[in-house]
Amino acid sequence: MQHLAGGQLLKANKVFEGVVKGIADIGFSNLAYTRGRFQEMEICDLPLGMPSGWVSTHVAEDFYRKYQPKEFNKAKILYFSACGPNLISTTEKPVYTLEDLKGQTLRATGRIADTAAALGATSRPMGIGETYESVKRNVISGVMLPLETMKGFRLGELLKYCTANWQVGNNTVRHSH
């Protein structure tokens, strides 16, 4: 078996369909990259106040087992996982109030984009692979991402401030199929 990582075979928003069509044997998808495709399961991507990836993973697994959304009928789901809450991290200005979000353009995908807009920021959907350069070149002024991306995607090198807003931070559900 050959392992092809991070968009080498299929773009992030095409992984599910690529597995269904037999282009790949197995895939790992992020609901936020296919907004509207998995509407029932996207309920788990709403800002539900989940404090950790551990909690949100269990919620996603339990939700799937209980409701068996038909939107996944074309594939065998192996498991769901979820990240910790998507927190607001910025480059130039800390966010203490909703007023501080005005004029901020944040990397926010899927249902997280709705939350960013509701809080007063402008959302800019993009894949995680584009995010570092977008912050570095000031295309965006910040992100709504979990803390683990600060190290894993080196965003901590560029982002100076983080608002610990886990109560309104969406969780991002991923699925392997």
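A search for side-chain contact (heavy atoms from CB on, under 4.5 Å) contacts involving Asp114 returns Arg35, Arg111, not counting sequence neighbours. Listed by chain and number, the residues in a salt bridge (Lys or Arg N to Asp or Glu O under 4.0 Å) with Glu148 amount to none (sequence neighbours excluded). Considering only residues two or more places apart in sequence or on other chains, Phe153 meets the side-chain contact (heavy atoms from CB on, under 4.5 Å) condition with Ile128, Thr149, Leu155.
Here the CG atom belonging to Leu106 is positioned 9.0 Å from the OG atom belonging to Ser89, to the nearest 0.5 angstrom. Ser56 contributes atom OG, which lies 11.0 Å from atom CD of Glu61 (distance to the nearest 0.5 angstrom).
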Could you give the side-chain donor-acceptor pairs of residues 160-168 under 3.5 Å, partners two or more places apart or in another chain?
| unit_1 | atom_1 | unit_2 | atom_2 | d |
| --- | --- | --- | --- | --- |
| Thr163 | OG1 | Val95 | O | 2.8 |
| Asn165 | OD1 | Ile88 | N | 3.2 |

For a quick test of your reading: what N or O donor-acceptor pairs under 3.5 Å do the side chains of residues 7-22 make, sequence neighbours left out?
| unit_1 | atom_1 | unit_2 | atom_2 | d |
| --- | --- | --- | --- | --- |
| Gln8 | OE1 | Ala5 | N | 2.9 |
| Glu17 | OE2 | Arg37 | NE | 3.2 |
| Glu17 | OE2 | Arg37 | NH2 | 2.8 |

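Each of Asn86, Thr109, Asn30 was evaluated against Thr172; a single residue qualifies, Asn86, per the side chain to side chain donor-acceptor pair (under 3.5 Å) test.
Hydrophobic clustering keeps Val173 apart from Phe28 (ILVMFWY residues linked when any side-chain heavy atoms are closer than 4.5 Å, directly or through intermediates). If you chain together hydrophobic residues whose side chains sit under 4.5 Å apart, Leu159 and Met144 never meet in one group. With hydrophobic clusters built from ILVMFWY side chains whose heavy atoms lie under 4.5 angstrom apart, Ile77 does not share a cluster with Tyr79. If you chain together hydrophobic residues whose side chains sit under 4.5 Å apart, Phe38 and Tyr33 never meet in one group.
For Ser134 (side chain) and Val139 (main-chain N/O), no donor-acceptor pair under 3.5 Å exists by modelled atom type. Side chain of Glu71 to main chain of Met41: a donor-acceptor pair is present (N/O by atom type, distance under 3.5 Å, no hydrogens or angles). Looking only at distances, a side-chain donor or acceptor of Ser141 sits under 3.5 Å from a matching main-chain atom of Thr105. Judged by distance alone, the side chain of Asp45 and the main-chain N or O of Ile112 form no donor-acceptor pair under 3.5 Å. The closest donor-acceptor contact from the side chain of Asp100 to the backbone of Thr97 lies under 3.5 Å. Gln39 places a side-chain N or O within donor-acceptor distance of the main-chain N or O of Gly36, the cut-off being under 3.5 Å.
Residues Val143 and Met150 form a side-chain contact, since some pair of their non-hydrogen atoms from C-beta on lies under 4.5 Å apart. Taking 4.5 Å as the limit, some side-chain heavy atom of Arg174 sits within range of a side-chain heavy atom of Cys83. Taking the side chain as every heavy atom from C-beta outward, Pro47 and Asn170 approach each other to under 4.5 Å. Within the 4.5 Å cutoff, no side-chain heavy atoms of Leu87 are placed close to those of Leu145.
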Requested in this report: Mind running side chain to side chain contact (heavy atoms under 4.5 Å, CB included) on Thr91 and Ile140 for me, showing each step along the way?
Outcome: CA-CA 9 Å; Thr91 55; Ile140 55 176; over 6 Å; no
Report task. Take Gln104 and Thr90 through the side chain to side chain contact (heavy atoms under 4.5 Å, CB included) test and state the conclusion after the steps. Result -> CA-CA 8 Å; Gln104 298 275 0; Thr90 54; 3.8 Å; yes
**Report entry** Worked check of side-chain hydrogen bond (donor to acceptor under 3.5 Å, both in side chains) between Arg107 and Thr131
**Finding:** CA-CA 7 Å; Arg107 184 262 188 203; Thr131 306; 3.3 Å; yes
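Across Gly169 and Pro85, no two heavy atoms sit closer than the pair O-CB, 3.8 Å. Shortest non-hydrogen contact noted between Ala82 and Thr57 is N-OG1, 2.8 Å.
Residue pairs satisfying the ring-ring contact (aromatic ring centres under 6.0 Å, His included) criterion with at least one member in residues 41-64, sequence neighbours excluded, are listed as follows: Trp54-His58, Phe63-Tyr67, Tyr64-Phe72, Tyr64-Phe80.
More than 12 heavy atoms of other residues, nucleotides or ligands lie within 6.0 Å of CG in Asn73, so this atom counts as buried by the packing criterion.
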